[in-house]
Structures are given as structure tokens and as C-alpha cells.
Amino acid sequence: MSNKTPIHVVLVDALNLIRRIDGALRGFSKTAQLDSQQLIDLTNQALRKLIKGHRPSHIIAVFDGDGDHWRKTFYPDYKADRKPMAEDLSSLLPSIRQHWQDIGVQSIVPAHDEADDIIATLAHKISQHNNQCTIISTDSGFWQLIPQGINIWDHFSGQWVHHEQVYRKFNVRPQQLLDYWAIVGQSGNKIPGVSGMGPKAALSILSEFGDLKTAFSCSDPDNKRLNKLLAAKEQAQTSYRLVLLKQDIALGINLRNYAYIAPTTDNPSS
């Protein structure tokens, strides 16, 4: 078996990065005018910092598709209340991608799929081949990937996300996150969870049974929380399917096309 150069792939949740920086610039105001050049400069600075700090062999910025994805078809209320991206920011994205390409960062813009599923699929394939993968995002949805040995870096707090951080926020292990969200739901994404069961009930179920699969196989007439869960099994399963990141999206890409090559001339203001 031949020796191979170690691969470290950095996957950037592009809109997460851009929107956080844009929000900071405009104070999350709907009306404040977008300073296009400042936003481009700051996103470029962020990527340069990530490249310097993580030294990737490959780096990919992943964007969302057009929103006509499988979750919307499966559950039409998914993200129903989500505010659309500001028009001035949306129109700037092609220019941002071009500037990123100029500093050596290639992008993936799927036709329909959500960036989260594309990133999870890439991370899964990369880690399956015993290569290092780092996801750059503040989205806790990626925390479900921690048990697979996938690294998650919060650029804005400047720290890795570890098991301890997951437990501090949700009081469950990363392995239990999907079951937890299946019960409590995710209000920001309009994922319902089980009606009338909040975090306290979810923690009680997971503490007693460990996971949903075990809970669904049990029977106890005196356990009110269990019976409430069993009565809403379909609702919990629907929510579980929605929060579970797909790791089998057909990508049709060659990783070699995303190798990081430092630009020979790099204009700091580009």
C-alpha cells in the first residue's frame, strides 16, 4: 500500500459565515444599507484566517440550493417562517464566490439541496477514507456528526465544538441529539417534535431508555411520558427524519478540483 499525503478537507458552511458577518455589519437590521465591499473584504479575511489556522489540503465553500429540496417536499411547513435573505445580499453572492475563488476557495452551489446535507455527505465520505475533515459553522445541526470523528470549528467564538459543549447546551450526549430533537423539535426550522413534550420530558425519556428506538419497543401503562411518546410515534419519527442530515447525496464531484492552491498574487483588498 502506497503512502499518501495526509488530506485535511475544510468545509465552510458558506451562508452561515456570510450571514453572521453581514448581520454584525448591519446590526441585524432589515433596513441598514449593505456595504458590499466591506462584506467581501471581511469574508475574505475570515477565509484567510481559517486557511492559516487549519492549513487545509482542500477547502470547499458550500452554499444552499434553490430551496426546492426533499425536506420541503416531505414536510411543507419546514422552515415556513424563515425570513428570506435580503435581496441586496442575495444579489452579491456571485461576486462573493468569485472573490473567494480568487483567493483559492472553490464553491459548491447545488441545484436544490441544502448545504447541510451536502456538507454532511462530504464529511462522511472524507472521514470514511480516514482523512481529516473540519466543518466551519455555528449551526448546532452539525453536532450530530461529532461521534463520527468529524471536527467542528466555530469561527466566531474561535473554538472547537466538543462533547462537553454539546452536553452543556442540551444535557445530552452527541449520540442522543437526534432523538432529543425528534422529541422537542426545532422551532427555528418549524420541526414539530412531539406536542406537549419539551426538554424536561425528552431528558427523562432519554435518561430512562437511552434512545428512541428502545423507548418505542417498551411498554409501561404507568409511565405517562412514555405513553405520550408512543401515542405520537409518527410525529417523532417525522421530526427525526427532518433533523437527520443526509450523508448519501449524489455529488458527482472530484475532490482534486478543490485542492487549496495559494494564489500567486493576492490583493488584500480583493
Heavy-atom check, side chain of [X] versus side chain of [Y], under 4.5 Å:
| X | Y | answer |
| --- | --- | --- |
| F216 | L230 | yes |
| L255 | H58 | yes |
| V12 | I135 | no |
| L212 | I183 | yes |
| L242 | W181 | no |
| T134 | I152 | no |
| L25 | Q38 | yes |

Atom [atom1] of [X] and atom [atom2] of [Y]: how far apart are they, to the nearest 0.5 Å?
| X | Y | atom1 | atom2 | result |
| --- | --- | --- | --- | --- |
| L17 | L50 | CG | CG | 7.0 Å |
| I21 | I96 | CD1 | CD1 | 9.0 Å |
| I146 | N151 | CD1 | CG | 9.0 Å |
| I249 | W70 | CD1 | CH2 | 8.5 Å |
| N16 | I136 | CG | CD1 | 10.0 Å |
| N223 | E208 | CG | CD | 5.0 Å |

For [X] and [Y], indicate whether the former's side chain and the latter's backbone hold a donor-acceptor pair under 3.5 Å.
| X | Y | value |
| --- | --- | --- |
| E114 | F63 | no |
| S57 | H8 | yes |
| D77 | A80 | no |
| S239 | G193 | yes |
| K190 | D81 | no |
| N189 | I191 | no |
| Q144 | L245 | yes |
| Q176 | G210 | yes |
| S217 | T214 | yes |
| S204 | K200 | no |

Can a salt bridge be assigned to the pair K213 and D179 using a cut-off of 4.0 Å between side-chain N and carboxylate O?
no

Electrostatic pair D22-R26, nearest N-O below 4.0 angstrom
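Judged by the 4.0 Å cut-off on N to carboxylate O distance, D22 and R26 do form a salt bridge.
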
Might you point out which heavy atoms bring [X] and [Y] nearest each other, and give the distance in Å?
| X | Y | value |
| --- | --- | --- |
| A123 | I150 | CB-CD1, 3.5 Å |
| S107 | Y258 | O-CE2, 4.0 Å |
| D64 | A115 | OD1-N, 2.6 Å |
| W143 | P174 | O-CB, 4.0 Å |
| D66 | D68 | OD1-N, 2.9 Å |

Transitive ILVMFWY side-chain link I119 to L178, under 4.5 Å:
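Yes.
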
Out of D116, I18, V62, which one pairs with D13 under the side-chain contact (heavy atoms from CB on, under 4.5 Å) rule?
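Answer to the side-chain contact (heavy atoms from CB on, under 4.5 Å) test with D13 among D116, I18, V62: D116.
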
Does the pair V184 and F170 meet the rule for a side-chain contact (heavy atoms from CB on, under 4.5 Å), with working shown?
CA-CA 11 Å; V184 304; F170 295 107; over 6 Å; no

Do you know which of R71, K246, H69 makes side-chain hydrogen bond (donor to acceptor under 3.5 Å, both in side chains) with D117?
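In the set R71, K246, H69, the residue that makes a side-chain hydrogen bond (donor to acceptor under 3.5 Å, both in side chains) with D117 is R71.
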
Please set out all donor-acceptor pairs under 3.5 angstrom arising from side-chain atoms of residues 158-167, sequence neighbours excluded.
none

Begin with the C-alpha distance, continue with both residues' side-chain angles, and end with the deciding distance and a verdict on side-chain hydrogen bond (donor to acceptor under 3.5 Å, both in side chains) for D41 and Q45.
CA-CA 6 Å; D41 290 345; Q45 288 174 23; 5.8 Å; no

Derivation and outcome, side-chain hydrogen bond (donor to acceptor under 3.5 Å, both in side chains), residues H99 and N44
CA-CA 7 Å; H99 279 83; N44 280 5; 5.6 Å; no

Please walk me through it: do D113 and T121 pass side-chain contact (heavy atoms from CB on, under 4.5 Å)?
CA-CA 11 Å; D113 293 303; T121 296; over 6 Å; no

